[in-house]
**Q** 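Here it is: the structure, laid out below.
Order of the sequence lines fixes the chain letters, A, B, ..., with proteins taken first and strands second; residue numbering starts at 1 for each chain.
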There are 4 protein chains.
Amino acid sequence: MARKVGPQGARTAAVIRDAGLTLIARHGYEAMSLRQLAAEVGLRPASLYNHFETKQDLLFDLVRDHLVDLLGRTDAALEAAGPRPLERLLAFVANHVLYHLDKKREVTIANLELRSLEPRNLDAAMALRRSYEDRLIAVLDAGAAAGAFAVGETRVVAYATLAMLTGACTWYRPGGRLSEADMVRLHADLVLGGLGVATTDAARTGGARPPGPDKPKLVARN
Amino acid sequence: MARKVGPQGARTAAVIRDAGLTLIARHGYEAMSLRQLAAEVGLRPASLYNHFETKQDLLFDLVRDHLVDLLGRTDAALEAAGPRPLERLLAFVANHVLYHLDKKREVTIANLELRSLEPRNLDAAMALRRSYEDRLIAVLDAGAAAGAFAVGETRVVAYATLAMLTGACTWYRPGGRLSEADMVRLHADLVLGGLGVATTDAARTGGARPPGPDKPKLVARN
Amino acid sequence: MARKVGPQGARTAAVIRDAGLTLIARHGYEAMSLRQLAAEVGLRPASLYNHFETKQDLLFDLVRDHLVDLLGRTDAALEAAGPRPLERLLAFVANHVLYHLDKKREVTIANLELRSLEPRNLDAAMALRRSYEDRLIAVLDAGAAAGAFAVGETRVVAYATLAMLTGACTWYRPGGRLSEADMVRLHADLVLGGLGVATTDAARTGGARPPGPDKPKLVARN
Amino acid sequence: MARKVGPQGARTAAVIRDAGLTLIARHGYEAMSLRQLAAEVGLRPASLYNHFETKQDLLFDLVRDHLVDLLGRTDAALEAAGPRPLERLLAFVANHVLYHLDKKREVTIANLELRSLEPRNLDAAMALRRSYEDRLIAVLDAGAAAGAFAVGETRVVAYATLAMLTGACTWYRPGGRLSEADMVRLHADLVLGGLGVATTDAARTGGARPPGPDKPKLVARN
DNA sequence: CATGAATGAGAATTCATTCAT
DNA sequence: AATGAATGAATTCTCATTCAT
């Protein structure tokens, strides 16, 4: 009854996007051919055009959806973190790290393939990315104003922090010695250290943890 | 080592490499065509083959030369820094930041185009890169052993640090408000903070800095 | 004759044919895609196939219907013109010119797209076209036999005349300075002149016309 | 020594143009594929691009060269014809007919494929064509002013005349009963008749013919 | 050392058409 | 009747590369 791939076109479109995500992340946008993509999803190249209009459109879709998703989750995390700067920062860091470890492909594409976007699409993507950066900058500024962080150049700190946190997804291998929670913790320590905040247990993953007796840093000393 | 070049062939080869650096950094290896490159240097595509054997060879040359250069400078900087962990770390940071700000194109290519290298070439490049990472890891380990740094997971800290420092070259614009020395200082502070080393606040440019005796800056020689 | 059309299917089919007429006349048969045609009539490409079997069929339909229509009108005009050669010729000319000015699209297609017809269809179209040419040849021959016209090579004169008359529809713009009646008159004069028939000067619009008694115009009924 | 087609690239380019002329005239621009063209000249499709930049460029080249050629020959013919309107007209007619019979392919393309030209190229082609039409219009106007021709609407007469004369090349078959000279004569008679000029031998092909005894019209009375 | 010409492979995309729903 | 999805065949054109000159 069904032809080949399954029930519906929407399903096929999702499969295509997923395969595109993988292939573009692995080989790069320019290096991925639509033949490859079609083969990956069991279609003929021409059939892809029932699901997107252009290779470029596919790329932009992936980038934009990722950025919108990231932004949405970040706002939710910040909302849940409440008003205190430290907890907001920790929420940001935790969200960023977890998202980046989970969505390695999306992140890779959004970071490496901006140069493959047409000007129009690049503008849109950059605007979203700037929005995201602004979230962190706002957190840092609020913390600095409240005297919670020692932030020199906010912008520099923000960019450096984002670069550091994002880098994690290029080398982290799930299932290894380090859990995702470890990654969050380790990176939170580095960030807080850079901001002159003595890192203690109080500042941890979910941020929702009630304060308690000061425990020694979790990170091993070696 | 020398190709089939005569008197001014070496000059032409250098011009080609420079143009290649620019074009690959801007558009990506896959997206740069040899037609473009030839046009850029005022040759016909066929003539390029008097100066390299393959597009892939050109890429690898650029990547390898960059990595070798970086490694050499790093070793020189470490040597000059003497035996003390803190100074060695600061030397590493300063060298890394300055090199990355100066060699934006090389760095971009080496970071983004590894996936365009053929397996053989990739292996060689990765080996060099790992050598470089090992320099930092060694510095951190030494510092941890000496009790100078609070390093949790050395490897994580090293990768995170490198990601942070490298990120600078993606957004830094020379001639702007921040000098290269500023960049070194700001990043050194972040790194040291992350390692639990109290940094002088002299390094904080704009922040709400707690008053205190002006101590000499830790970093920013060169 | 009827296709697989229901109640309003006939209407849709007519709309499609009309849009096809416009698009083929404007862009040419090869250059018009069924996507374009479908879009023009607010359908999806697949739906067109409820109204014709093949793009080629659509073309042939348009060509054949046009030729049949032209032939029918010509015969009616000749019938109405009576037996006298001059009046028959004028009737032919008037009919041809008026038809060609009114049915620019059909005429364009029938003249330019014969080469796009499959052999079978081409044969049919050529047969119809030859029938049409034969009407004029017969008129000329009759006139020559009656001594009314000075026809050298009948066939040459016929083809030349048809080319001249048909050409009108490539440059005539309705609503301009010249009415359709003007066009008929002007062309009739040229044709008659070429046949050695003295034409009334009433038909000369702007020229340096030698004075003479105003005679009724020969042409331009209808 | 030579690869395949012959001595030089210029030769190959000429061969390509000639084959293009034939194929486009026969099948139409849209219907001719570059594969076909390449096969015709014994090249691979990719090799064609060593000789032109674009299929469209090839088309425009053919059209423009033809129009420039036609214009040049016309001016030469008019120059040779001297100042007298009748002889100028006859020279124009003779030149037009002979050129059109000889360059059937070029003429066909220039007439049918204007719609395949991109706007920019279309403009250029139209300007040339208008120049050509203007040559005839000028001849007619001069003749009308001198009282030599009875021209009603100059423009209409010019267009009708051109259409008639051009039409010849769509049906004329060289080697048939009619020579090219016959074609010239027959069409000259039609044109002159349309202009109210009694056609006699005096008005013939090259115009250079010395006057002699008045012979009856050449065209048979059928 | 540079180049014109050629080429095999492959790129993205379009096309007319089919068919189950 | 209309359509979404699929497809084989074909389109123009680009690419890295070669080689005789």
**Q** For D:A10 and for A:A46, find the nucleotide of DNA chain E with the closest heavy atom, then tell me which residue's nucleotide is more 5'.
**A**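 Closer to the 5' end of DNA chain E: D:A10.
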**Q** Could you tell me whether the side chain of C:E106 reaches within less than 4.5 Å of the side chain of C:L70, counting heavy atoms only?
**A**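 Heavy-atom side-chain distance check fails, nothing below 4.5 Å.
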**Q** Counting C-beta onward and ignoring hydrogens, is there a side-chain heavy-atom pair between B:V15 and B:E40 closer than 4.5 Å?
**A**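 Heavy-atom side-chain distance check fails, nothing below 4.5 Å.
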**Q** Examine F:dG4: is either OP1 or OP2 under 4.0 Å from a nitrogen or oxygen in the side chain of A:T12? Give yes or no.
**A**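 A:T12 to F:dG4 OP1/OP2: no side-chain N or O under 4.0 Å.
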**Q** Using a cut-off of strictly less than 4.0 Å between a heavy atom of the residue and any atom of DNA chain F, enumerate the qualifying residues of residues 18-38 of chain D by number.
**A**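 Listed by number, they are D:M32, D:S33, D:L34, D:R35.
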**Q** Holding to side chain to side chain contact (heavy atoms under 4.5 Å, CB included), I want the full list of residues that pass it with A:D18, two or more places apart in sequence or in another chain.
**A**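 Checked A:D18 against side chain to side chain contact (heavy atoms under 4.5 Å, CB included); matches are A:R105.
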**Q** Rounded to the nearest Å, what distance is computed from the CD atom of residue C:E53 to the P atom of nucleotide E:dT17?
**A**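 So the CD-P distance, C:E53 to E:dT17, works out to 11 Å.
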**Q** Do the side chains of D:L114 and D:R129 get nearer than 4.5 Å, heavy atoms only?
**A**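 Yes - at least one pair of side-chain heavy atoms lies under 4.5 Å apart.
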**Q** Counting only side-chain N and O atoms of D:R44, is one of them less than 4.0 Å from OP1 or OP2 of E:dG8?
**A**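 Indeed, a polar side-chain atom of D:R44 lies that close.
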**Q** Check whether any side-chain nitrogen or oxygen of A:H51 sits under 4.0 Å from OP1 or OP2 of F:dG4, and answer yes or no.
**A**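 Result: no.
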**Q** Tell me: CG of D:L48 to C1' of E:dA5, nearest whole Å?
**A**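 After rounding, the gap between these two atoms is 12 Å.
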**Q** Mind jotting down which residue pairs meet the ring-ring contact (aromatic ring centres under 6.0 Å, His included) criterion with at least one end in residues 24-53 of chain D? Sequence neighbours excluded, please.
**A**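 Sorted pair list: D:Y49-D:F52.
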**Q** In whole angstroms, how far is the P atom of F:dA2 from the CZ atom of C:R11?
**A**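 Those two atoms, CZ and P, are 13 Å apart.
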**Q** Out of F:dC13, E:dT17, F:dT7, which nucleotide sits closest to the side chain of D:Y49?
**A**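 Looking only at side-chain atoms, D:Y49 lies closest to F:dC13.
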**Q** What is the separation between atom CG on C:N50 and atom P on E:dT18, rounded to the nearest whole Å?
**A**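 Interatomic distance, CG of C:N50 to P of E:dT18: 12 Å.
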**Q** Does B:P45 or C:T54 map to a spot on DNA chain E nearer the 5' end, using the closest nucleotide for each?
**A**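 Its nearest nucleotide being more 5', the pick is B:P45.
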**Q** Can you list, pair by pair, the side-chain donor-acceptor contacts under 3.5 Å of residues 116-127 of chain B, counting residues two or more places apart and other chains?
**A**
unit_1: B:S116; atom_1: OG; unit_2: B:E113; atom_2: OE1; d: 2.9
unit_1: B:N121; atom_1: ND2; unit_2: B:Q56; atom_2: OE1; d: 3.1

**Q** Does F:dA5 have OP1 or OP2 under 4.0 Å away from a side-chain N or O of A:S47?
**A**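 Checking A:S47 against F:dA5: no side-chain N or O falls below 4.0 Å of OP1 or OP2.
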**Q** I'd like to check the side chain to side chain contact (heavy atoms under 4.5 Å, CB included) partners of C:T170; sequence neighbours left out, ordered by chain and number.
**A**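 Partners of C:T170 by the side chain to side chain contact (heavy atoms under 4.5 Å, CB included) criterion come out as none, since no residue qualifies.
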**Q** Using a 3.5 Å cut-off on both pairing distances, which stems of three or more Watson-Crick or G-U pairs include DNA chain F?
**A**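 DNA chain F stems, ordered by first number: E:2-21 with F:2-21.
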**Q** Is the shortest heavy-atom distance from the side chain of B:L43 to the side chain of B:T12 under 4.5 Å?
**A**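 Side-chain contact under 4.5 Å: yes.
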**Q** In whole angstrom, what separates A:L43's CG from F:dG4's P?
**A**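 My rounded result for the distance is 17 Å.
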**Q** Output the rounded distance in Å from NZ (C:K55) to P (E:dT18).
**A**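 The answer, rounded to whole Å, is 14 Å.
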**Q** Quick one: are D:L37 and D:L58 in side-chain contact, heavy atoms under 4.5 Å?
**A**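 Yes, close enough: below the 4.5 Å cut-off.
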